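First comes the structure, then the notes that go with it.
These numbers come from a predicted model, not from an experiment.
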Amino acid sequence: LIKKLKKLKNHQLPLLYKNDSKKYLENIDLNNLKQVVCFKANLFFDTSSFKEEIKPLNNLCKKGNFLNYNDFKNDLRYKKMLYFLPHRYDWVCTSSIANNWASYDSIFNEITRYIDLKKSPLIQIKFNNEVKEYFILW
């Protein structure tokens with residue numbers, strides 16, 4: 001996010017004032033123009049900073065957490081929960097699309113395959129009828 005913001009500030013937004021842009025904007029008073037940026041995003045945080053408010057970000061963009069694979073593998077709490085591994089194309093859905101939840105034992109090998117490929121899968125975790133989303137980090 002920081003890299004993207006720097007690119008916007010230093011490269012993309014200044015394009016408006018370049019000589020090459022003037023011929024397309026000749027009827028626009030650039031002195032009275034204000035550029036603003038709106039990001040649509042789902043943000044994931046480590047579990048310790050999830051409750052913090054991060055300005056100027058909209059807290060409604062907080063979608064879930066990320067979790068280290070070794071913590072996922074070794075923490076006994078995760079063995080008692082149910083899981084759904086959505087397809088990457090379904091990551092932007094705002095609510096759970098899961099209808100067939102899997103146990104830790106049945107999903108662990110699939111998550112391990114992603115980790116071995118140095119990919120971070122998104123999982124939905126269901127515990128006490130509450131669903132939370134996590135990226136498992138390798």
Review point. Closest approach of Pro121 and Leu85, non-hydrogen atoms and distance?
Key: CB-CD1, 3.8 Å
Review point. Between the side chain of Asp29 and the main-chain N/O of Asn31, is any donor-acceptor distance below 3.5 Å?
Key: yes
Practice item. Apply side-chain contact (heavy atoms from CB on, under 4.5 Å) to the pair Asn27 and Leu25, showing each step before the final yes or no. Key: CA-CA 6 Å; Asn27 296 328; Leu25 305 170; over 6 Å; no
Review point. Are Phe127 and Phe84 in one and the same hydrophobic cluster, where Ile, Leu, Val, Met, Phe, Trp and Tyr link if side-chain heavy atoms are under 4.5 Å apart?
Key: no
Practice item. Say whether Thr112 and Tyr69, considering side chains only, have a donor N or O and an acceptor N or O under 3.5 Å apart. Key: yes
Check your understanding: To the nearest 0.5 Å, how far apart are CZ in Arg113 and CD1 in Ile115?
Key -> 12.0 Å
Review point. What is the minimum heavy-atom distance between Tyr17 and Gln35, and which atoms define it?
Key: CE1-NE2, 3.4 Å
Exercise for review: Report, as yes or no, whether the 6.0 Å neighbourhood of atom NZ on Lys4 holds more than 12 heavy atoms from other residues, nucleotides or ligands.
Suggested key: yes
Check your understanding: Stepwise, does the salt bridge (Lys or Arg N to Asp or Glu O under 4.0 Å) test hold for Asp75 with Arg77?
Key -> CA-CA 5 Å; Asp75 190 331; Arg77 292 178 296 169; 2.6 Å; yes
**Study point:** Trace of the side-chain contact (heavy atoms from CB on, under 4.5 Å) decision for Lys7 with Gln12
**Key:** CA-CA 6 Å; Lys7 182 178 179 183; Gln12 292 175 289; 3.9 Å; yes
Review point. Is Glu133 close to Leu122 at the side-chain level, that is, under 4.5 Å between some pair of heavy atoms?
Key: yes
Revision key, fill the gap. Of all heavy-atom pairs linking Ile136 and Ile111, the shortest is CG2-CG2, 4.2 Å
Practice item. Quick one: do Phe72 and Tyr104 satisfy ring pair (Phe, Tyr, Trp, His ring centres under 6.0 Å)? Show the steps, please. Key: CA-CA 10 Å; Phe72 176 73; Tyr104 177 90; 5.1 Å; yes
Review point. Heavy-atom count around Lys119 NZ within 6.0 Å, excluding the residue itself: above 12?
Key: no
Point to revise | Inter-residue atom distance Met81.CE - Gln124.CD, 0.5 Å rounding | key: 14.5 Å
Point to revise | Within 45° cone of Phe44 ring axis and under 6.0 Å: Lys63 NZ or CZ | key: no
Review point. To the nearest 0.5 Å, how far apart are NZ in Lys80 and CD1 in Ile125?
Key: 14.0 Å
Check your understanding: Is it true that Leu8 and Leu43 fall in one hydrophobic cluster, defined by side-chain heavy atoms closer than 4.5 Å?
Key -> yes
Review point. How close do Ser21 and Leu15 get, heavy atom to heavy atom, and via which atoms?
Key: OG-O, 2.5 Å
Exercise for review: To the nearest 0.5 Å, tell me how far Leu137 CG sits from Leu67 CG.
Suggested key: 7.5 Å
Exercise for review: Take Lys73 and Phe108 through the test side-chain contact (heavy atoms from CB on, under 4.5 Å) and record every step on the way to the result.
Suggested key: CA-CA 8 Å; Lys73 181 170 73 171; Phe108 181 78; 3.7 Å; yes
Check your understanding: Roughly how far, to the nearest 0.5 Å, is the CD1 atom of Ile107 from the CG atom of Asp105?
Key -> 11.0 Å
**Study point:** Closest non-hydrogen atom pair between Phe135 and Ser120, with its separation
**Key:** CD2-O, 3.4 Å
Practice item. Determine yes or no for a side-chain-to-main-chain donor-acceptor pair under 3.5 angstrom, with Tyr83 supplying the side chain and Tyr78 the backbone. Key: yes
Review point. Is a side-chain donor or acceptor of Trp101 paired with a backbone partner of Leu82 at a separation under 3.5 angstrom?
Key: no
Practice item. Evaluate the side-chain contact (heavy atoms from CB on, under 4.5 Å) criterion for residues Leu13 and Val37: first the C-alpha distance (whole Å), next the side-chain angles of each, then the deciding distance (0.1 Å), finally the verdict. Key: CA-CA 9 Å; Leu13 294 177; Val37 176; 4.2 Å; yes
Practice item. Check whether any side-chain N or O of Asp90 sits under 3.5 Å from a backbone N or O of Pro86 as a donor-acceptor pair, and report yes or no. Key: no
Check your understanding: Would you say Asn74's side chain and Asn70's backbone share a donor-acceptor pair under 3.5 angstrom?
Key -> yes
Revision key, fill the gap. Smallest heavy-atom separation, Lys62 atom then Phe45 atom, equals CG-CE1, 3.4 Å
Study note, to complete from the structure: One should read off an interatomic distance between Asp46 CG and Asn65 CG, to the nearest 0.5 angstrom, of 7.5 Å
Practice item. Would you indicate whether Lys126, at its atom NZ, is surrounded by more than 12 heavy atoms from other residues, nucleotides or ligands within a distance under 6.0 Å? Key: yes
